[in-house]
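Keep in mind that this is a model prediction, so the values were computed, not measured. In the text below, chain A, chain B and the rest are named by the order of the sequence lines, each starting its count at 1.
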Amino acid sequence: MSAEVHAETPPVRTPAGSPVLAPGHDFATVTDKISALVLTRPTSRGWWIGFSLSFALVMLLLYTIAYLLTTGVGIWGINVPVGWGFAIVNFVWWIGIGHAGTLISAILLLLHQQWRTSINRFAEAMTLFAVACAGLFPLLHMGRPWYFYWLAPYPNSMQLWPQFRSPLVWDVFAVSTYLLVSLMFWYVGLVPDMATLRDRSTSRLGRVVYGILAMGWRGSARHWYRYESAYGLLAGLAAPLVVSVHTVVSFDFAVSVLPGWHSTVFPPYFVAGAIYSGFAMVLTLVIPIRAIYGLEDFITSRHLQNMAKVLLATGLIVAYGYLMEAFGAFYSGNPYERYLQVNRMIGPYAPMYWSLLVCNVLGPQLLWFRAFRTNPVLLFLVSLVVNVGMWLERYVIVVVSLHRDFLPSSWGMYSGTVWDWAMFAGTIGLFLSLVFLFLRFLPVISIFEMRTLLPEAKVKEEHG
Amino acid sequence: MPQVFHRSFNTLSRASVFGSLFILGFVAWAVNVFVNSSYATNQGVVREQPVPFSHEHHVTGLGIDCRYCHDAAEKSAQAGMPPTKTCMNCHQQIWTGSATLAPVRASFQTDQSLAWTRVHRLADFAYFNHSAHVNKGFGCSTCHGEVQKMPLAWQHGTLLMNWCLDCHRQPERFVRPRDEVYNMDWHPPADQEQQGRELVRKNGIRSLMNCSTCHH
Amino acid sequence: MSTGAPHWRDVASKDDAERLRALAETEFPGGVEASPIDRRRFLALAGASLGLAGLSGCMRAPAEKIVPFVHPVEGRVPGKPLYYATSMTLAGSATGLLVESYEGRPIKVEGNPAHPSSLGATDVFAQASVLGLYDPDRSKTVTYLGRPRIMGDLAGPLREALATAKHGKGLRILTETVGSPSLIRQRGELLERYPEARWHSYEPAMSGAASAGARMVFDQSVRTHYDLSKADVLVALDADFLGSGPGHLRYAHDFAARRREPLTAERMNRLYAVEPTPTITGARADHRLPVLARDVIHVARALANALGIGKWTDAPPDAATASFVQALADDLRSRRPGTTLVVAGDNQPAALAALVQAINRHLGNFGGTVLHTGVSEAPEDAGLSSLVELASDMREGRVTTLVNLSGNPVYTAPADLGFADAMKRVPLCVHLGLYQDETADYCQWHIPEAHYLEAWGDARGHDGTASIAQPLIAPLYAGKSALEVVGMLSGEPGRSGYEMVRETWQAHGSKQAGGFETWWRRTLHEGVIAGSASPTIEPRWRDDWQARAGLNGAAPARNAGPLEIVFRPDPTVFDGRFANNGWLQELPKPLTKLTWENVALISPATAQALGIKAATEGPHAGSHGEAIAPVVELTYGGQTLRAPAWVFPGQADGSIAVHLGYGRTRAGTLGSNIGFDANRLRASAAPHFGPGLDIRTTTTTTTLACTQLHQSMVDRQPVRTADLATFLKEPRFAQESAHTEGGDRRHPLTLYPDDHPMKGPQWGMVVDLNACTGCGACVVACQAENNISVVGKEQVARGREMHWMRIDRYFSGDSANPTAHVQPVMCMHCENAPCELVCPVEATTHSPDGLNEMTYNRCVGTRYCSNNCPYKVRRFNFLAFADYATASLKLLRNPDVTVRSRGVMEKCTYCVQRIREAEIDANNRKRPLRDGDVITACQAVCPTRAIVFGDIHDANSQVAKLRESQRNYGLLEELNTRPRTTYLASVRNPNPRLETR
Amino acid sequence: MNLPPYGMLAEFDSATALVAAARQATAAGYRRVDAFTPFPIEELEEALAIKPTVLPLLVLLGGIAGGAGGYFMQYYASVIAYPLNIGGRPFHSWPMFIPITFEMTILVAALTAVLGMLALNGLPMPYHPVFNVPRFALASRDQFFLIIEAADANYDAERTRQFLDGLRPVNVWEVPH
């Protein structure tokens, strides 16, 4: 026990200084304030408006999917040579976003970063929703989606199996594993809070529903012991998983022969990009929610600053990735690679390439300035820019590499159709709807972990 | 008062955990059963025909060779369906008055073809060639079953891909001497394995497992 | 034809043909859907749910019917195709064919090796003609004023019309060029019976200049054809003898034969081309001189001068032309007599044809490379004049009855004739045609014409060789042939074409050994009438030829002058008769690579002068698919129309070329209202080209569907080429330029243990870029053989055309007069196929005999394989492209090839269905496969034998030998894909004295 | 119903008090003692003498099983069941089998961790006697509970109640079954 703990100095300070939990809270207030968001706080008009808008987009998504299934992927802009378009761009974008949550929960947990506590629950939820959106695309971009199950290994009357050398099959395993593990991680984290809600809930229905979800959690010391152990193990497993998932996604490209895809820098640079976009999205969502639900006490400026720093760091890694790509292209002496890079810079899609550099490389440089890290509004704007930038990056990787490959005779152009956009907007709607539901029905912040941040949580030994 | 659930819920909740596993297992099993069911494959489904032609009578009873009617089996992909003329070769003399044969006579007189119901319908994307199999010593009964015992014809196999592959993987288990091909009563000898391997070598039979053998 | 010795039979009797027709209508064997359910819908909706239900591939279909014959058909083995010999006539000249008939349905056309104009090859039109047969838009019944009638109804009015007109006064027949001996005989009989009647003929895209020119220099009508095999130096004066016109298949074959392996300085010929607009011939030329169409004759005169034939005092041509002519003249002079050849274009005036005869005579080519034969049955038609005459007669009411036999004059006649209006003054107009076309609109009566695959007939090839055309199927819509209609007019309605043709040849046949019947059967079997080629003659030369050709005196001074317009038949829809043929519409034009459209071709310089932007400078620069072209306004001879401008390297400055055959209004669902109707600008005075075009730019643009906009090879060498000198110095130039980082075919770069034993023959293909002319016949042949869908302009513009093979076209050098390169590209069947590696479901795999297999029914459509294919030869069914609905098109399908559904990838399979068929056939015959047992569709059709297919492990096979050739290289070999399809680099043979381009 | 009581429950208002109480209970020879807290408290492990859990071992085994299974599945499919020539690659192209092997390792290990934890904790158990105590609801808020189960050898309603009272709790109840 450090001397600091003995000293009666709430608020809790982490080594770095500024607080991760505002002063003046105890077990009761923490518990009541957070559970109140779900149990007692009346559903605001703002929530209804926001939810209805996002849900309208979900309807658009459903309509697009129905049209897609009856007519075919030809409703999109894809063609030969550009066989992948928005679908894969969006898939990679969403799956990238879906990396922050588990990263924050798992890796920061292993690193004993206390400040993670108040944002991990939220980040994990966001991860799940993002992965759910991502999952739609590989499924629906297939020419015959109703045969999706052929990608899964199961004994069948054709005696055929998936082709395990194909990165797409790796994707199936990686993404579904990631979804399951993130789900378990999230749910396990929720169980004690479900118990809290069960015990706080005033309505019978609430008690039953949260009761079932709590699985009869009663906070037994023995349970806590195994619980902690399991949670630690999960974190240990999730950390490499996060890294592997986007690595595998990058294999979709890196394993091919295509100039602009066939590149060894992809795995690390995709992972960095994923964390980058993930944190950007967390900020994009956390900053407004924090303001609306008055959670400044729990999600303090300290959190925003730390996330801003992560954003800056990963942004620099990504920038390095771009640099290496360009360098490699010219250094390789491979005419196709060289042409691709030139084509990116001055070809028909040059505007996208340059705006991606502006968004992803210049944008985060602002975060060198304290002002940008501490000012939520500015930080929010930067995070938006990064979200856009990361989408553009995937667009450049997927489309620009495909549209001019080896034989000039088959060079082509690509542009998304209204249905491409409808689908993209639809998934954004789906994502937001899920976020709104989450805000309404589940504790946004891990209550029991917040308790552990309080000084009272420390047992004072008489004879220490 | 925190006690939300009744005692029994403990048992119930645990049961449901295992129950869900059982349900999944059951679904998988049911699907498998359905895919291989005669409803899905038409295996063993007896087909109504415009004329109740009995292979049993013509093959077992009269000992007519398969090739008398299915004359293209050795030359072509299709075994061939006999023209009405073939029926009339005999039925101009015998059973000339029979009511069951009326459609045949009508067809012959009016020059309107008989429309038989297909018994073996292979998927459009799978190509099967009779001559390739027959000439290498694979008997009719291997795929078509004991036709000589069928009053009305039915489909012997499932026609599923694995049904084809079983033989393509190990032709030696099914191949027979060339002169036994049309012998409907042929049954694999005790030493089929070893005889089969011999025939496979002699007839230059390859175990063709690549896709374009059947799909093009 | 993989079924071993083909056994062709004639469809002897009418009722047999009737049965075939009945069969064709009732029976849908094996590969084709029997159930009427619309599979589009089925797949779309039920597919999803059923698929999810886990019924992998075993969907419950309604019970199918098997409908056998009542009487066995002679020679028919169920499930085996039969091949019948027949021939197709285009513009009066025939190509011998062998047509594959499956269960009575003609499904594929091949060339007849025994026919001198074919030698086993066909052009795009013959390949696509089988689609024309099943075209759902064909006219199906006799109509009177658009209302359905029966033939009988027409007999009455016709009879009285003929009765009132005494000696057939006022009776006019209008046909296209008549090549059929029987029809010519019928014409004779008709004119005998009605001396006052007149028979006109008009071939919209042809001029008959050659025969007219010949009449100027000889004292008799002669037919001229050429023997290119003997020609060391060839000169094409606006002549596209490799790409179009009578005998072009034969010419292309003989020309290429001198450029295939073994390639030596002695064997290699040299081709000079002088032309206003790029043609296939010009693209192959070693030297090409773009000049205005009207200046071609000046070049010829200069050449004649240089050779010392004429003594004309013309204004000297410009420096470039002068040096070209001088070098050419010296080259010609330096050769032995009879080893050179000058050819005049059909679109040029007769005078040029005459002058060229003189040049060839001077070079001693008569009897060597230039062959003259007597004109068989009748005098050649006199080009346009006959139509002009008819038009004026109609206007002056001298025509009481006009019978249009299979032409479409209302559309094709030059605008200034006002042919349609003139027709309104004719009391009785009868039209015989495949479609209810523009002309049918102006005729009270329309008779559906029998497609050539439905009718008896006969025809002569470019050298006069006659052949019988026998029907493959009874008329689907009770159509009549021209023969039968003429028979009706001559008062013998009962007689069938069959009888008439037999009658024509009775005399000839009876003289043959075994009597007529034996001869008849043999002839039908062979498809060619043995020894019917017209004997070569030595017509007497007229010394007053210059005067007769109007070549005396100096030519008018050549001034840059006003813009000129050049009319050409379209390379894929010809004069418009094929406008409704989807295969031809979607076939990219050989050099522009445009589809579904015609344009005004303008040279870069002229375009710049006029301020016209090239589509390739548009927003989609360098894309394939959508091209945004500026629309210009063309005014000529008082007529004005709007056309998309296409800036085209190699087009002569100051010359704008437009193609006929578009802008049709009654062509059918596909062919109507696309492109512009160039006939509206044509003047009967100068139907093929003329000065005085006025062109105005507009602000509007239009979208064209172009399969290859990018013109240069950038920094790569997909096509490897060198001139002869370089080749002789370093024969392996093509392989050296391939930087295959260390590995080669025998020692591939790999870390892997090769645990894939290669069993059986190892299939491979070699494409000789020195032989290929880029005509595109292979593309259509592939489409016909493999049930490839037509997707339409909008989809092509989106880069979704489905052709399994394409012909890439690149330009290099000076954009005013570039060198064109063509390269057929189909699946390379890589041994290390990148596509296979990334397929998640094993839908594309590698077979032990080296095929890159594509299993459609396993494909889930991730399109990953296409992305990862460096050659981009994979094609995807983005929508339900295959037509499951139209009944008549079902008859066309090749039952051995799966019809691909929506959401499935497809690609070249090396015609695997033919390979498997051949293997089984060889097995059944207890013999090994021999080289040549498997002929792919593209290989079979190729006139220049540029494509060779076979077992690369069989050292004696042709393909194995070619893979050893010094010119052999693999496309993108440096990626270590180890392609099974390789290329022979092209070698050009420029005249050292002219700086090489 | 007249089942024997489940045990004796004491409520404390701080973690420190609870831990102290727990120590004394175990010291007093009680074995079937358990504590209920709103958040994990390390000190209780030794205070209640909780035995180390086997969970990590299970997870390790699960991971190994998953990895091996995943690799064998791929090997079986591509080498034994239906070997096909894919782009000239060997049937047993092990480098390309690694990603899935890895994912399967993680997946099975993670499943074991979660299901194992639940199983060992005997969850789900929506009904539990301690819930019969109304104030137990605060165990998930800010109060700390200690129970001595009736099943304990030294359990005696009277003496145990006195013992617990001696620990200065907020409340003590006998928990009905």
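- Only the side chain of D:I41 comes within contact range of chain A, with at least one heavy atom under 4.5 Å from a heavy atom of that chain.
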Pair A:S244-D:E103, side-chain contact (heavy atoms from CB on, under 4.5 Å): steps then yes or no: CA-CA 8 Å; A:S244 84; D:E103 302 297 340; 2.8 Å; yes
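- Only one option out of D:L107, D:V114, D:L111 pairs with A:L180 in a side chain to side chain contact (heavy atoms under 4.5 Å, CB included); it is D:L107.
- No other option in A:R200, A:E228, A:E449 has as many heavy-atom pairs under 4.5 Å with chain D as A:R200.
- Within the 4.5 angstrom heavy-atom criterion, no atom of A:D193 approaches chain D.
- For a heavy-atom cut-off of 4.5 Å, chain A lies close to D:R31, D:V33, D:D34, D:A35 in residues 27-35 of chain D.
- No part of D:P95 comes within reach of chain A, as not one of its non-hydrogen atoms sits under 4.5 angstrom from that chain.
- With no hydrogens or angles considered, no side-chain donor-acceptor pair links A:T31 and D:R141 at under 3.5 Å.
- Among all heavy-atom pairs drawn from D:L55 and A:S229, the shortest one is CD2-OG, 3.7 Å.
- For the pair A:R198/D:F131, a side-chain contact is recorded, criterion being any heavy-atom separation below 4.5 Å from C-beta on.
- With rounding to the nearest 0.5 angstrom, the CG atom of D:L84 is 9.0 Å from the CD atom of A:Q163.
- The minimum heavy-atom distance linking D:Y82 with A:Q159 is given by the pair CD1-O, 3.3 Å.
- Across A:A230, A:A174, A:S176, the residue that shares the most heavy-atom pairs under 4.5 angstrom with chain D is A:A174.
- In this structure, the side chains of D:P126 and A:I212 stay at 4.5 Å or more apart for every pair of heavy atoms.
- Considering only heavy atoms from C-beta on, D:N121 comes within 4.5 Å of A:W217 through its side chain.
- For A:F27 and D:F39, the gap between ring centers is short of 6.0 Å.
- With a 4.5 Å cut-off on non-hydrogen atoms, D:L120 touches chain A through its backbone and its side chain both.
- We find that A:R451 and D:D142 are not joined by a salt bridge, their nearest charged nitrogen and carboxylate oxygen being 4.0 Å or further apart.
- With contacts defined as side-chain heavy-atom distances shorter than 4.5 Å, the pair A:R218/D:F136 qualifies.
- Heavy atoms closer than 4.5 Å to chain D are found nowhere in A:P167, neither backbone nor side chain.
- The side-chain heavy atoms of A:S166 and D:M96, taken from C-beta on, include no pair separated by under 4.5 Å.
- D:L123 places a side-chain heavy atom less than 4.5 Å from the side chain of A:H223.
- Here the side chains of D:P40 and A:F448 are in contact, with some heavy-atom distance below 4.5 Å.
- Neither the backbone nor the side chain of A:P192 comes within contact range of chain D; no heavy atom of the residue lies under 4.5 Å from a heavy atom of that chain.
- For the atom pair CD1 of D:I98 and CZ of A:F164, the computed distance is 14.0 Å after rounding to the nearest 0.5 Å.
- Interface remark: D:P38 contributes backbone and side-chain atoms alike to the contact with chain A (heavy atom separation under 4.5 Å).
- Taking chain A as the reference chain and counting heavy-atom pairs below 4.5 Å, the highest number among D:L58, D:I100, D:I50 is found for D:I100.
- Taken to the nearest 0.5 Å, the CE atom of D:M125 stands 10.0 Å off from the OG atom of A:S220.
- Taking 4.5 Å as the limit, every side-chain heavy atom of A:V188 sits out of range of all side-chain heavy atoms of D:L118.
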What pairs of donor and acceptor atoms, side-chain ones from residues 74-81 of chain D against any protein atom, are under 3.5 angstrom apart with sequence neighbours left out?
residue	atom	partner	partner atom	Å
D:Q74	NE2	D:G70	O	3.4
D:Q74	NE2	D:F97	O	3.0
D:Q74	NE2	D:T101	OG1	3.4
D:S78	OG	D:Q74	O	2.5

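- A:A214 does not touch chain D: none of its heavy atoms, backbone or side chain, sits under 4.5 Å away.
- Ranked by heavy-atom pairs under 4.5 Å with chain A, the first of D:Q143, D:E42, D:M73 is D:M73.
- Separation of atoms CD1 (D:I106) and CG (A:L237) is listed at 5.0 Å; rounding is to 0.5 Å.
- Per-residue heavy-atom pair counts under 4.5 Å with chain D were compared for A:T247, A:T177, A:L234, and the maximum is reached by A:T177.
- In this structure, the side chain of A:Y225 engages the main chain of D:T53 through a donor-acceptor pair within 3.5 Å.
- Under a cut-off of 6.0 angstrom, the local environment of NE2 in A:H25 is crowded, with over 12 non-hydrogen atoms contributed by other residues, nucleotides or ligands.
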